[in-house]
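For reference, the structure is listed below as structure tokens.
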Amino acid sequence: MNLGKRFLHNRTAVATALFVLLIALAGVCAPVLAPNDPYATDILNKFADYSLQYPLGTDQLGRCVLSRLIYGIRPTLGLAMVTMFGTIGLGALLGITAGYFRGITEEVIMRLVDVMLSFPSQIMVFAVVALLGVSVQNVIIANVFIKWAWYARMIRTGVMQYRDCNFVRFSRCVGMPERFILFRHLLPSITSDLAVLASLDVGWAIINISTLSFLGLGVQAPTPEWGAMLNEAKEVLTSNPVQMIAPGAAIVTLVCCFNLMGDALRDVLDPKEVEG
Amino acid sequence: MTPVFEAKELKVSVTGRRGERELVKGVSFSVEPGRCLGILGESGSGKSMSMKGAMGLLDRSFRVSGRVSLQGEELLTKSPEELRRMRGGKVGMVLQNPMTCFDPLYRIGNQIGETFAAHQGWSRAEIRSRSLEMLERMKIRNPEEVLEKYPHQLSGGMLQRIMIGIAMAMKPALLIADEPTTALDAITQLEILNEFIRIKEENTAVIFISHDLNAVSLAADEIVVFHQGMIVDRGDFRHILHRAKDPYTRLLAEKRTAVMRSYRRALEGKETIYA
Amino acid sequence: MKRYVVRRLLMAIPLLAAVSFICFMFINLIPSNPAEVALRVQQMPVITEEAVARMEEMLGLNKPFLVRYFDWLAGCLKGDFGISYVNPARTVAGELARCLPATLQLAAASFAIVAVLSVPIGFLCAVYKDGWFDRIMRGVIFISTAMPAYWVGLLLMWGMGVKLRILPTNGSGTWRHLILPAFTVSLSYISTYIRLIRNNMLENMKQDYVLYANVRGLPQRAILVRHILKNSMHTCIVAMGMSIPQLIAGTIVVENVFSWPGLGTLCISSIFNRDYPVIQTYVLLIGVLFVVFNLLFDILQTVSDPRLRREE
């Protein structure tokens with residue numbers, strides 16, 4: 001059975017992928033779906049209960065919580081995706097360079113990886129944000145910076161394994177250019193491992209970015225990001241505790257979904273695991 | 001003579017994600033006191049699975065059915081606790097990889113002692129003296145030192161002898177040896193095989209499981225051949241070697257004969273060179 | 001054995017040097033001149049060239065890079081980490097010393113909760129694999145890994161503090177203040193360790209020595225506790241020990257949720273105030289703790305495992 005078919009046969013994989021697509025779509029179509037303007041304040045209507053006009057009520061400034069939630073998909077999911085692409089891109093670049101060209105290049109890159117991995121990642125995020133200043137862009141840089149080493153190491157191991165596979169050796173014998181071998185053979189072979197790791201890490205990125213926003217180090221206040229919304233909800237914890245339920249639940253659902261998808265993808269891509 | 005151990009229509013099946021699969025498809029065999037039954041078969045033929053099933057060593061995903069009796073007592077209806085008392089007591093068992101069978105974190109003496117303590121109400125001093133006695137009987141040098149060693153500090157052959165010693169210490173009616181010689185070098189193999197012949201003489205019944213026709217032929221009085229969960233042939237060694245009906249058994253026998261023939265030819269060739 | 005320990009200790013030295021160098025680099029990578037930042041942070045109305053020069057002199061910024069590094073390193077070894085930009089009257093060492101006990105208290109309490117809860121739960125999950133307890137715990141673990149720590153903190157604050165009014169929601173002082181933050185910190189670690197112990201025990205159950213223990217007719221309880229649990233704990237204790245610095249670093253978010261006056265709160269406020277020396281020293285502290293704990297538990301593992309222990 002080929003990969004596509006196996007994917008379609010795995011119900012969890014299909015369901016979670018559809019759910020993520022749906023959420024992403026909702027984020028893209030936010031202006032159509034959101035019942036209200038996420039920035040429109042209505043002080044008279046603050047802490048409103050569930051109603052037709054405000055399905056999830058309003059926050060401390062009378063803004064529609066549901067609309068903010070829908071608009072919040074954009075920064076939350078979007079930033080996590082950008083982070084993951086950045087991480088994989090940087091990791092793949094350095095990992096492939098190290099694994100394919102060996103020698104001194106590899107030595108330098110891998111020592112760098114060792115140093116990166118020996119630092120606690122949480123602290124590094126804060127250090128980088130502190131260094132570069134508080135902004136959304138720096139949050140992404142910080143997250144890419146602490147995570148790339150994992151990918152570089154994994155991809156290098158993958159490249160080393162496939163380097164000595166017969167089909168790669170064959171290609172080299174036949175005299176195909178190195179670059180061709182790299183893109184035609186090596187990348188597809190390590191993509192599956194990469195997909196599993198990446199989908200598990202998107203959840204991690206979502207939590208990490210929302211944490212920074214919650215602390216006020218990421219996405220700033222008026223922008224409807226789920227972590228930032230929780231930061232605002234914290235201020236009114238005693239007067240309107242319901243306000244923190246929706247964004248938190250949204251984060252948990254999305255992260256759970258990505259984690260499930262990662263596990264399902266692993267089953268799809270590595271049928272041996274299923275037996276065990 | 002009444003058999004010590006008897007299996008009738010023994011079946012073992014496993015429930016996995018893809019439904020139930022039968023691994024042992026109804027086998028019957030028995031062994032009398034002082035005799036050795038060899039179970040021959042390649043890996044995955046169900047030979048050791050059937051013995052593990054009979055002794056209650058499989059987990060809940062396996063289902064064992066049929067009838068198994070030890071000295072007239074039915075085994076499959078016994079509770080796990082009753083089976084446990086029997087294992088290491090009335091039934092001794094020796095496994096394949098002596099190097100990995102002992103817990104790496106405890107000294108040998110400790111592991112021998114806990115086995116004795118599980119079956120007898122012996123005092124600390126008695127356990128120690130019995131342990132030393134057992135090691136001496138298994139011809140292990142410096143038994144006092146060996147008791148203080150960790151498993152990784154001893155050789156495979158030595159650990160295998162200790163395993164046999166532990167199994168025999170409780171004077172079992174039946175000794176089951178599951179590939180006891182596979183992980184050992186040729187000389188140690190022969191020593192261990194001689195040990196089994198001696199055990200047979202002490203009137204203990206032995207079931208010897210192996211994929212190695214040579215090893216089986218040295219120890220066994222009767223041989224059953226397993227193939228894909230079924231017994232395909234039975235008889236003594238000469239029967240298996242020369243008059244086997246089953247194609248798989250003949251294949252095994254022919255391979256063995258071929259090896260022996262080339263071995264002899266090599267020997268003869270050597271002789272001619274030296275002559 | 002002794003040689004191994006000595007070699008391991010020697011190997012830690014270049015690592016510590018690398019950690020300290022990175023931390024030093026950090027403050028030198030700031031896009032703007034640190035002296036200027038320091039002046040601005042102190043709300044100097046007009047920043048003149050002379051003021052900057054004076055500040056540079058005071059912070060020792062006018063010396064060559066490597067000289068500054070060794071000066072700084074020598075200072076660190078003596079416990080002098082420089083002065084705070086925000087309040088030049090205060091030393092960084094003093095600031096950290098003020099906040100460290102609260103963080104250590106929180107980390108210790110969290111670690112205690114992690115150890116006390118994860119071992120028995122992981123054990124039961126492995127023993128009754130696929131039973132109702134295991135299923136429920138797996139669900140709980142799955143959800144809890146998806147919960148951001150700060151949200152858990154908020155929920156607990158609301159439930160225990162606002163709604164039930166049984167525990168204080170912020171500040172510190174009594175053991176009752178400690179419960180909510182400690183539990184929040186420990187939650188994500190508990191699930192990690194339950195999973196670790198459970199999977200490790202299941203892995204051990206497949207080993208030959210367990211089959212042989214069954215063959216010898218040892219009682220089930222002895223096999224589970226004496227053999228399987230002991231073998232698993234061996235790996236888990238090392239993993240737990242190595243994660244202590246992570247636990248200390250992990251308090252940073254939770255401290256801010258509960259306004260716990262520890263290093264995390266100090267660190268975040270320093271980030272907002274651009275108090276670079278404080279952040280630098282905090283990162284250095286955690287980095288050094290990381291190296292030291294790794295070293296400590298690596299050696300401990302070697303000493304306690306008979307297979308790795310060399311013959312005397």
Side-chain angles (χ1 to χ4, degrees), chain B residues 48 51-52 55-61 80-108 110-120 148-153 159-160 162-163 166-167 169-170 172 175-178 183, chain C residues 1 4 123-135 197-238 300-312:
Chain B
S48 83
M51 289 319 294
K52 281 182 190 160
M55 289 298 134
L57 287 169
L58 299 175
D59 65 52
R60 276 167 298 179
S61 55
E81 176 61 18
E82 284 171 312
L83 278 174
R84 172 188 80 73
R85 280 181 201 288
M86 208 154 59
R87 288 193 303 261
K90 266 190 211 169
V91 182
M93 218 167 153
V94 177
L95 300 178
Q96 180 170 8
N97 290 315
M99 301 293 275
T100 54
C101 279
F102 289 90
D103 187 332
L105 298 182
Y106 291 94
R107 294 174 201 276
I108 291 293
N110 193 317
Q111 301 193 47
I112 298 174
E114 73 177 345
T115 318
F116 291 175
H119 295 285
Q120 308 281 353
E148 296 302 312
K149 295 266 190 202
Y150 284 98
H152 71 280
Q153 295 168 312
L159 290 171
Q160 189 65 278
I162 294 173
M163 249 183 176
I166 291 175
M170 296 291 149
L175 178 70
I176 301 169
D178 189 353
Chain C
M1 189 59 221
Y4 175 78
F123 179 80
L124 289 175
C125 280
V127 174
Y128 301 107
K129 180 178 175 258
D130 293 330
W132 60 268
F133 184 77
D134 185 36
R135 277 161 200 266
I197 291 169
R198 175 183 180 272
N199 294 348
N200 211 309
M201 280 190 60
L202 290 177
E203 202 45 53
N204 268 297
M205 282 178 186
K206 288 188 213 144
Q207 300 295 316
D208 280 349
Y209 75 82
V210 176
L211 174 65
Y212 185 52
N214 271 307
V215 159
R216 286 184 286 153
L218 299 187
Q220 208 55 36
R221 191 209 284 258
I223 297 176
L224 282 173
V225 176
R226 260 177 66 91
H227 294 283
I228 301 174
L229 185 64
K230 188 169 173 184
N231 270 280
S232 320
M233 281 313 288
H234 212 257
T235 350
C236 295
I237 284 176
V238 172
L300 188 77
Q301 181 177 33
T302 321
V303 173
S304 66
D305 189 332
R307 278 162 300 180
L308 301 175
R309 200 159 41 199
R310 299 275 163 78
E311 312 262 299
E312 287 90 48

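So that the names make sense, note that chain A is the first sequence line, chain B the second, and so on, each numbered from 1.
For the side-chain contact (heavy atoms from CB on, under 4.5 Å) with Asp208(C), the lone residue among Leu95(B), Asp103(B), Asn97(B) that qualifies is Asn97(B).
Contact of Met55(B) with chain C is not made at all, since no heavy-atom distance falls under 4.5 Å. For Gln111(B), the parts lying near chain C are the backbone and the side chain together; criterion is any non-hydrogen pair under 4.5 Å. With a 4.5 Å cut-off on non-hydrogen atoms, Met163(B) touches chain C through its backbone and its side chain both. For Ile166(B), the part lying near chain C is the side chain, with the backbone staying farther off; criterion is any non-hydrogen pair under 4.5 Å.
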Let me see the working for Tyr209(C) and Asn204(C) under side-chain hydrogen bond (donor to acceptor under 3.5 Å, both in side chains), right down to the final yes or no. CA-CA 9 Å; Tyr209(C) 75 82; Asn204(C) 268 297; 2.9 Å; yes
Steps toward side chain to side chain contact (heavy atoms under 4.5 Å, CB included) verdict (Leu224(C), Leu229(C)): CA-CA 6 Å; Leu224(C) 282 173; Leu229(C) 185 64; over 6 Å; no
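Of all heavy-atom pairs spanning Glu148(B) and Arg107(B), the tightest one is O-NH1, 2.9 Å.
Options Met205(C), Arg226(C), Lys230(C) differ in how many heavy-atom pairs under 4.5 Å they form with chain B, and the most are formed by Arg226(C). Of the listed residues Asp59(B), Thr100(B), Leu105(B), the one with more heavy-atom pairs under 4.5 angstrom with chain C than any other is Leu105(B). Ranking Pro80(B), Gly89(B), Gly88(B), Pro104(B) against chain C, the residue ahead of the rest is Pro104(B), based on heavy-atom pairs under 4.5 Å.
A donor-acceptor distance shorter than 3.5 angstrom exists from the side chain of His119(B) to the backbone of Arg87(B), with no hydrogens or angles considered.
A donor atom on one side chain and an acceptor atom on the other are found under 3.5 Å apart for His227(C) and Glu114(B).
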